[in-house]
*Asks:* 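Attaching a single structure in structure tokens format; questions to follow.
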Amino acid sequence: MLLKGIKGFLVHFLLSLTAVQCEWSVTYSSTHVCGLKGASVVLLCTYQYPWEVGGGDTYQRGEWYEEKSQRYIKHSNSNYPDCSLNIDTLSDEDSGVYQFRFYTVLHLKWITSKPGITLSVTDLRVEEAVTQKQNQTEATCSTSCSLGSELQYVWYKTGQPLPNRTTASILVYEIASYSCAVRGHEALRSPAVCVPDKECWGVTYSNENICVLMGSSVDIPCTYLHPREDLIKEMVWFHKQKSMHRHAGEKENSCTLRLKNISESHPGEYTFRFTTGRGQNYTGSPGVKIFVTDLQVWAPLDIVKERDKVTLTCNTTCTLSNDPTFIWYKNGQSLTYKHSTRDNKLHLDPVSSEDAGSYSCAVKGYESLSSTAVSLNVRYQPKNVLASITASSTIEEASVVTLTCSSDANPPVHTYTWYMKSGAESLMRGTGESISFNLTSDTSGLYYCEAQNELGSQISIEVAVQTDADVLLPAIVTTFIILSVLLILGIVHLRKKNAESTTDRRPTNDNIQVRKSQQEPRPLTPHRE
């Protein structure tokens, strides 16, 4: 699937399907996808779980799994519910069946959808067929799987583009070597084929200009044609009038040249020549021009202030031909929280003081060939302003007190100003990072400092400057008040308790009657002698 422009539409369509779902699910846009070797492909996918529809579930982990190679590709849920997978620079090893799966706090088993997406990888080849009308020859840009009917093609005759030929099949009227490519992927050209018979000569290069990273390796794709009955005696590449008797082509009619450890000696034009057993030779001219570049980080040299929008660029002297992925480093550590990007820019929007540091860049697959580091200086107004007091352990009247103001600022603070609170007003008491004074009744109180640089200012929290007596007296008064309150509460409590006890001892009417009966005199009994 080459046209990423349809991704937005398909994802929107899939989102509309999953929006009505409240359960755990995975949905693919299709079960079969065809990708062009060397290009990129997107496997469209969405997933759903009840994170807000009454469930309150939480995503735990997700990944793509390829059955044949048993490969695992970690998934980030930052674009929920999109779980689409991008695969760059397709090769035959990327073909297989891919499944997305995830689990949540409330659903601890893998949630997936089978059979998944079958990815097929194809290259291009030119096939010929004789038509019934006037024995015309039809050349077709053929693939092993369908890339889609909406694609446009580019045709080449003897290495040169044919204008107005955009269909997968064209009619051929003269003997020549033909090759084809998909528009937008002209660098992934098919091998050249002699049409309509096998009696033509030719050398075809996929690219006329190739930009290579210093220290890396590169292939110069090349195919050649010769009469079928002739045998090849010699194949030679030339560079700066020097011959190189080697090439990396493994397929029939392939003359691809591989260059390793690219250095300053490699730039220039490369041409291929072959010689047959009958002494005939053919040179593909003009050849392929190789350009060599290193990486260099460009950072803004003017003043960068906190909250500005800053863009760092990984510059090259030519556009790298392998459609690279750029990786960024800060202070030698990979910026894992910043996604690698296909363009060569790192966006810091807005930039903060934490972004200051040394930045370098590299190309994925060639991490050891990183650029020279460049420093990013971020300027900001004072922050974390703190006022502190230094004095002897016992602060008495006439003791010397030193107040110090500290802060974090870039550029450094140029003015420190000290203030003393006096009611609702603030009185300036001095300037400088530190001030010292004798402690008296007039100088004791609350102090704070203000730190200022050219970008702004910030004040500290107030600090109390008092003698031990000033601290002790309020403490004694407070203690006295607390004890007095406790004493009063105790007295009130005792009086209340006594009152309740007196009420419990008051006699009732029954008790009075009993007592009265007990006090009545007994009748006199006669005394006998």
Side-chain angles (χ1 to χ4, degrees), residues 37-38 123-126 156-161 175-181 186-195 198-294 316-324 363 365-366 368-369:
K37 185 184 298 184
D123 52 10
L124 302 177
R125 61 184 182 276
V126 175
Y156 301 87
K157 175 185 174 183
T158 318
Q160 299 302 312
I175 299 174
S177 63
Y178 292 86
S179 59
C180 64
E186 287 81 354
L188 305 176
R189 196 183 306 180
S190 73
V193 172
C194 190
V195 179
K198 306 296 182 182
E199 298 299 324
C200 57
W201 297 76
V203 173
T204 302
Y205 308 109
S206 295
N207 295 317
E208 297 177 357
N209 302 293
I210 298 178
C211 177
V212 191
L213 180 64
M214 184 83 72
S216 66
S217 301
V218 67
D219 286 346
I220 305 179
C222 168
T223 57
Y224 65 97
L225 295 173
H226 62 90
R228 180 177 297 175
E229 64 274 10
D230 287 353
L231 297 178
I232 299 299
K233 179 181 179 181
E234 184 182 44
M235 295 185 294
V236 182
W237 278 91
F238 287 92
H239 174 234
K240 298 179 179 179
Q241 286 76 49
K242 294 181 180 180
S243 62
M244 297 176 293
H245 293 262
R246 66 181 187 270
H247 67 90
E250 297 179 355
K251 297 181 180 180
E252 184 180 1
N253 297 112
S254 174
C255 48
T256 298
L257 174 66
R258 175 163 297 169
L259 302 176
K260 299 180 178 180
N261 300 320
I262 297 297
S263 66
E264 295 177 351
S265 64
H266 283 94
E269 184 177 13
Y270 289 75
T271 57
F272 175 74
R273 186 181 73 183
F274 65 91
T275 304
T276 67
R278 293 187 293 178
Q280 297 173 305
N281 62 69
Y282 187 91
T283 301
S285 185
V288 178
K289 292 181 180 180
I290 296 293
F291 301 89
V292 178
T293 182
D294 55 6
T316 56
T317 56
C318 56
T319 303
L320 291 171
S321 302
N322 57 347
D323 194 19
V363 170
Y366 296 97
S368 61
L369 305 176

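Quick note: numbers below take in every heavy atom, side chains included, and nothing from hydrogens, waters or symmetry partners.
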*Asks:* Can you name the nearest heavy-atom pair linking Asp219 to Pro221, along with the distance?
*Replies:* O-CD, 3.2 Å
*Asks:* Once side-chain contact (heavy atoms from CB on, under 4.5 Å) is applied, do any residues pair with Thr317, and if so which ones, sequence neighbours excluded?
*Replies:* Thr293
*Asks:* Do Trp201 and Asp230 have side chains that approach each other closer than 4.5 Å (heavy atoms only, starting at C-beta)?
*Replies:*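 They are in contact (side-chain heavy atoms under 4.5 Å apart), so the answer is yes.
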*Asks:* Hey, would you say the Tyr282 and Tyr224 ring centroids sit under 6.0 Å apart?
*Replies:* no
*Asks:* If we ignore hydrogens and angles and just use 3.5 Å, is the side chain of His226 paired with the main-chain N or O of Asn281 as donor and acceptor?
*Replies:* no
*Asks:* For residues Ser263 and Pro267, report the shortest heavy-atom separation together with the two atoms involved.
*Replies:* O-CD, 3.6 Å
*Asks:* For the CE atom of Met235 and the CZ atom of Phe274, what is their distance to the nearest 0.5 Å?
*Replies:* 10.0 Å
*Asks:* Sequence neighbours excluded, which residues qualify as side-chain contact (heavy atoms from CB on, under 4.5 Å) partners of Thr204?
*Replies:* Ser177, Ser179, Arg189, Ala192, Thr223
*Asks:* What are the two closest heavy atoms between Val363 and Pro324, and how far apart are they?
*Replies:* CG1-CB, 3.5 Å
*Asks:* Return a table of donor-acceptor pairs under 3.5 angstrom between the side chains of residues 206-218 and protein atoms on other chains or two or more places apart.
*Replies:*
from	atom 1	to	atom 2	distance (Å)
Ser216	OG	Leu213	O	2.6

*Asks:* May I ask you to decide if the ring planes of Trp237 and Phe272 are parallel, tilted or perpendicular, using 30° and 60° as cut-offs?
*Replies:* tilted
*Asks:* Could you report the tightest heavy-atom contact between Gly38 and Leu188, atom names first, then the distance?
*Replies:*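 Closest pair (atom of Gly38, atom of Leu188, distance): C-CD1, 3.6 Å.
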*Asks:* How would you list, by chain and number, every residue that makes a side chain to side chain donor-acceptor pair (under 3.5 Å) with Asp294, sequence neighbours excluded?
*Replies:* none
*Asks:* So, Tyr205 side chain and Gly284 main chain: donor-acceptor pair closer than 3.5 Å or not?
*Replies:* yes
*Asks:* Return the minimal non-hydrogen interatomic distance between His266 and Ile262, and the atom names on each side.
*Replies:*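 Smallest interatomic distance, heavy atoms only, reads ND1-CA, 3.6 Å.
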*Asks:* List for me each residue that meets side chain to side chain donor-acceptor pair (under 3.5 Å) alongside Ser368, sequence neighbours excluded, and say none if there are none.
*Replies:* none
*Asks:* Keeping to residues at least two apart or across chains, list the salt bridge (charged side-chain N to carboxylate O under 4.0 Å, His left out) pairs with something in residues 263-276.
*Replies:* none
*Asks:* Should the heavy atoms of other residues, nucleotides or ligands under 6.0 Å from NZ of Lys242 be counted, would the total exceed 12?
*Replies:*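 No.
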